[in-house]
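Note sheet for the following structure.
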Amino acid sequence: MIPKATLLCATLATLPGYVIADTNGDRLHDLNHFFEAADVRAGPEIVDCTLSEGTETTCFRITVAATPLTYTPGPWCPTHIDEGAEAGGIWFLDGETVDVDGDFISQLSEIYGDTNWKLYDPETGDIRYTGTLEECEAAARPDVDPAYQNYCVQCLPETLPEEAVVTYVVPLEPVAASRTAPTNMSGSGVAYNGVRLDGPAPVDAILGAYTIAPFDDCGGHVNPFVGYHYHAVTDCLDEAPDVAEADNHGAPIGVAMDGFLILPHLMGDGVAPENLDQCNGHAGEDGSYHYHAGEAGSNAILGCLTAQAGCTLDDPDGTCDASVRPPRP
């Protein structure tokens, strides 16, 4: 973790190609440019906020639709074991991503060494998959309904009762934390296209119910609560905003919930970044701290958050107090 005394950050206003944001007007200009590929419903605007360790500071608030504008999410589940990779998405296996095609589905018992795996009808080759909202809600939860064990789980955006809209409240300047924090509560951040960069997928719970919940080729899938969101960063985020690269680190793909920028997994020259900390962050040559997205198959866009986090809100007019812990379910 970066000591308080040396907390330097790469923010939108400090990147080459941006106006130095000495005023809130400059900051909003930069934010509007950064999120111009997102389906913005409100904001960005400057608001007061309370961060995860109780620090009162200034944040930006932006409300975005969860579905990207530049592509249609999916597919996720193939329908027959003869179908190829184009019919399904991807999954995490041994630190890498693999295609969820018919062959993968048919070999799950061998892959995981358990004969209880059987997501398809051995007579017809038809794969069992969730297709309705009711099925999605029963299967896409930590305690999977026993009726949907041995299913390929997908939640289709068109079955959701309403469009998912999320409000992010993120500190304008990162504030040092006393300790690193996991991303499973706040999420990792928000991509420039407005899609949530989430924390780790609950892979153990998914596999424990003999289910597979694939991501599409962009690393995203849908749940009824936040809609479409990423658990992996793939080349779908390569078309970042037209911002000059700093220190050959690549253009930023998102903003973390603590205000630091998230850059691609690889440097601009295709080489892996060096000296990353446990959160996937390090300081550039100019001393500014930033993150690099984790490898696509790692199930960790960020390893943790270095600074104090802001909020994700259901209410676009809500107040952010990230120090208040949600009640236990």
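Everything quoted here is computed from the prediction, not taken from an experiment. The basis for the numbers below is simple: all heavy atoms, side chains too, and nothing from hydrogens, waters or symmetry mates.
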Worksheet entry | salt_bridge(Glu135, Arg128) N-O dist < 4.0 Å |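 Looking at Arg128 together with Glu135, the answer is no, because their closest N to O distance does not fall below 4.0 Å.
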Worksheet item: Quick one: salt bridge (Lys or Arg N to Asp or Glu O under 4.0 Å) pairs with a partner in residues 186-202, sequence neighbours left out?
Response: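 Output for this query lists Arg196-Asp198.
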Discussion item. Strictly by salt bridge (Lys or Arg N to Asp or Glu O under 4.0 Å), give each pair with a member in residues 57-81 just once, sequence neighbours left out.
Written reply: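 Found Glu45-Arg61.
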So, using ring-ring contact (aromatic ring centres under 6.0 Å, His included) as the criterion, who are the partners of [X] when residues are at least two apart?
{"X": "Phe92", "answer": "Phe215"}
{"X": "Tyr291", "answer": "Phe260, Tyr289"}
{"X": "Phe104", "answer": "none"}

Could you tell me whether the side chain of [X] and the main chain of [Y] form a donor-acceptor pair under 3.5 Å?
{"X": "His231", "Y": "Gly199", "value": "yes"}
{"X": "Asp277", "Y": "Asn280", "value": "yes"}
{"X": "Asp258", "Y": "Ala307", "value": "yes"}
{"X": "Trp76", "Y": "Gly220", "value": "yes"}
{"X": "Glu295", "Y": "Gly95", "value": "no"}
{"X": "His290", "Y": "Leu261", "value": "no"}

Item to complete: Mind jotting down which residue pairs meet the side-chain hydrogen bond (donor to acceptor under 3.5 Å, both in side chains) criterion with at least one end in residues 83-95? Sequence neighbours excluded, please.
Response: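 Residue pairs passing side-chain hydrogen bond (donor to acceptor under 3.5 Å, both in side chains), neighbours aside: Thr79-Glu83, Trp91-Tyr112.
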Same cluster for [X] and [Y] if Ile/Leu/Val/Met/Phe/Trp/Tyr side chains link at under 4.5 Å?
{"X": "Leu93", "Y": "Ile81", "answer": "yes"}
{"X": "Val40", "Y": "Tyr71", "answer": "yes"}
{"X": "Val203", "Y": "Val144", "answer": "no"}
{"X": "Leu28", "Y": "Val255", "answer": "yes"}

Item to complete: Might you work through the side chain to side chain contact (heavy atoms under 4.5 Å, CB included) test for Ile212 and Leu108, ending with a clear yes or no?
Response: CA-CA 10 Å; Ile212 294 290; Leu108 284 170; 4.0 Å; yes
Does the side chain of [Y] come within less than 4.5 Å of [X]'s, by heavy atoms?
{"X": "Leu305", "Y": "Ser188", "answer": "no"}
{"X": "Thr63", "Y": "Val165", "answer": "yes"}
{"X": "Thr57", "Y": "Glu173", "answer": "no"}
{"X": "Thr234", "Y": "Leu237", "answer": "no"}
{"X": "Val98", "Y": "Ile90", "answer": "no"}
{"X": "Thr130", "Y": "Cys155", "answer": "no"}
{"X": "Val153", "Y": "Ile206", "answer": "no"}
{"X": "Ser52", "Y": "Ser323", "answer": "no"}

Pairing donors with acceptors under 3.5 angstrom, does anything connect the side chains of [X] and [Y]?
{"X": "Glu53", "Y": "Ser178", "value": "yes"}
{"X": "Glu36", "Y": "Asn32", "value": "no"}
{"X": "Tyr120", "Y": "Asn150", "value": "no"}
{"X": "Tyr228", "Y": "Asp216", "value": "yes"}

Practice prompt. Begin with the C-alpha distance, continue with both residues' side-chain angles, and end with the deciding distance and a verdict on side chain to side chain donor-acceptor pair (under 3.5 Å) for Thr50 and Glu56.
Written response: CA-CA 4 Å; Thr50 303; Glu56 296 180 0; 4.6 Å; no
Worksheet entry | Contacts of type side chain to side chain contact (heavy atoms under 4.5 Å, CB included), residue Ala66, not counting sequence neighbours |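 In terms of side chain to side chain contact (heavy atoms under 4.5 Å, CB included), with neighbours along the sequence ignored, Ala66 is linked to Ala164.
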Worksheet entry | Criterion side chain to side chain contact (heavy atoms under 4.5 Å, CB included) on Val222 and Leu160, from CA distance to verdict | CA-CA 9 Å; Val222 177; Leu160 299 183; 3.8 Å; yes
Out of curiosity, [X] [atom1] to [Y] [atom2], how far, rounded to the nearest 0.5 Å?
{"X": "Asp82", "Y": "Ser106", "atom1": "CG", "atom2": "OG", "answer": "9.0 Å"}
{"X": "Glu158", "Y": "Leu133", "atom1": "CD", "atom2": "CG", "answer": "11.0 Å"}
{"X": "Gln149", "Y": "Leu119", "atom1": "CD", "atom2": "CG", "answer": "10.5 Å"}
{"X": "Leu263", "Y": "Leu266", "atom1": "CG", "atom2": "CG", "answer": "11.5 Å"}
{"X": "Leu207", "Y": "Ile111", "atom1": "CG", "atom2": "CD1", "answer": "10.5 Å"}
{"X": "Asp48", "Y": "Thr319", "atom1": "CG", "atom2": "OG1", "answer": "9.0 Å"}

Non-hydrogen atoms of [X] and [Y] that approach each other most closely:
{"X": "Gly194", "Y": "Val64", "answer": "O-CG2, 3.3 Å"}
{"X": "Leu51", "Y": "Cys59", "answer": "CD2-SG, 3.9 Å"}
{"X": "His229", "Y": "Asn223", "answer": "CE1-ND2, 3.4 Å"}
{"X": "Pro224", "Y": "Glu137", "answer": "CG-CG, 4.0 Å"}
{"X": "Gly310", "Y": "Cys320", "answer": "C-SG, 4.0 Å"}

Worksheet item: So which pairs with a foot in residues 122-148 pass ring pair (Phe, Tyr, Trp, His ring centres under 6.0 Å), sequence neighbours left out?
Response: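 Every pair satisfying ring pair (Phe, Tyr, Trp, His ring centres under 6.0 Å) with a residue in residues 122-148: Tyr148-Tyr151.
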Worksheet item: Given Cys279 and Leu302, is the side chain to side chain contact (heavy atoms under 4.5 Å, CB included) satisfied, shown in steps?
Response: CA-CA 6 Å; Cys279 295; Leu302 300 184; 5.8 Å; no
Discussion item. Would you say that more than 12 heavy atoms from the other residues, nucleotides or ligands in this model lie under 6.0 Å from the CG of Asp314, or not?
Written reply: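 It does not: Asp314 CG has 12 such atoms or fewer within range.
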Discussion item. With a sphere of 6.0 Å drawn around CD of Glu162, does it hold more than 12 non-hydrogen atoms of other residues, nucleotides or ligands?
Written reply: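 12 or below, so no.
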Discussion item. Can you list everything that forms a side-chain hydrogen bond (donor to acceptor under 3.5 Å, both in side chains) with Gln154? Sequence neighbours excluded, please.
Written reply: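 For Gln154, no residue satisfies side-chain hydrogen bond (donor to acceptor under 3.5 Å, both in side chains) once neighbours in sequence are set aside.
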Worksheet item: Residues in side-chain hydrogen bond (donor to acceptor under 3.5 Å, both in side chains) with Glu134, at least two apart?
Response: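 Counting only residues at least two positions away or on another chain, Glu134 forms no side-chain hydrogen bond (donor to acceptor under 3.5 Å, both in side chains).
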Worksheet item: Relative to the ring of Phe35, is the ring of Phe60 parallel (under 30°), tilted (30 to 60°) or perpendicular (over 60°)?
Response: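 Judged by the thresholds at 30° and 60°, the geometry between Phe60 and Phe35 is tilted.
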Worksheet item: Which other residues belong to the hydrophobic cluster containing Val47, where Ile, Leu, Val, Met, Phe, Trp and Tyr are joined when side-chain heavy atoms lie under 4.5 Å apart, directly or via other members?
Response: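 Val47 shares its hydrophobic cluster with Val169, Leu313.
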Worksheet item: Taking only residues two or more places apart in sequence, or in another chain, which ones meet Asp99 in a salt bridge (charged side-chain N to carboxylate O under 4.0 Å, His left out)?
Response: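 With neighbours one apart ignored, the set is empty.
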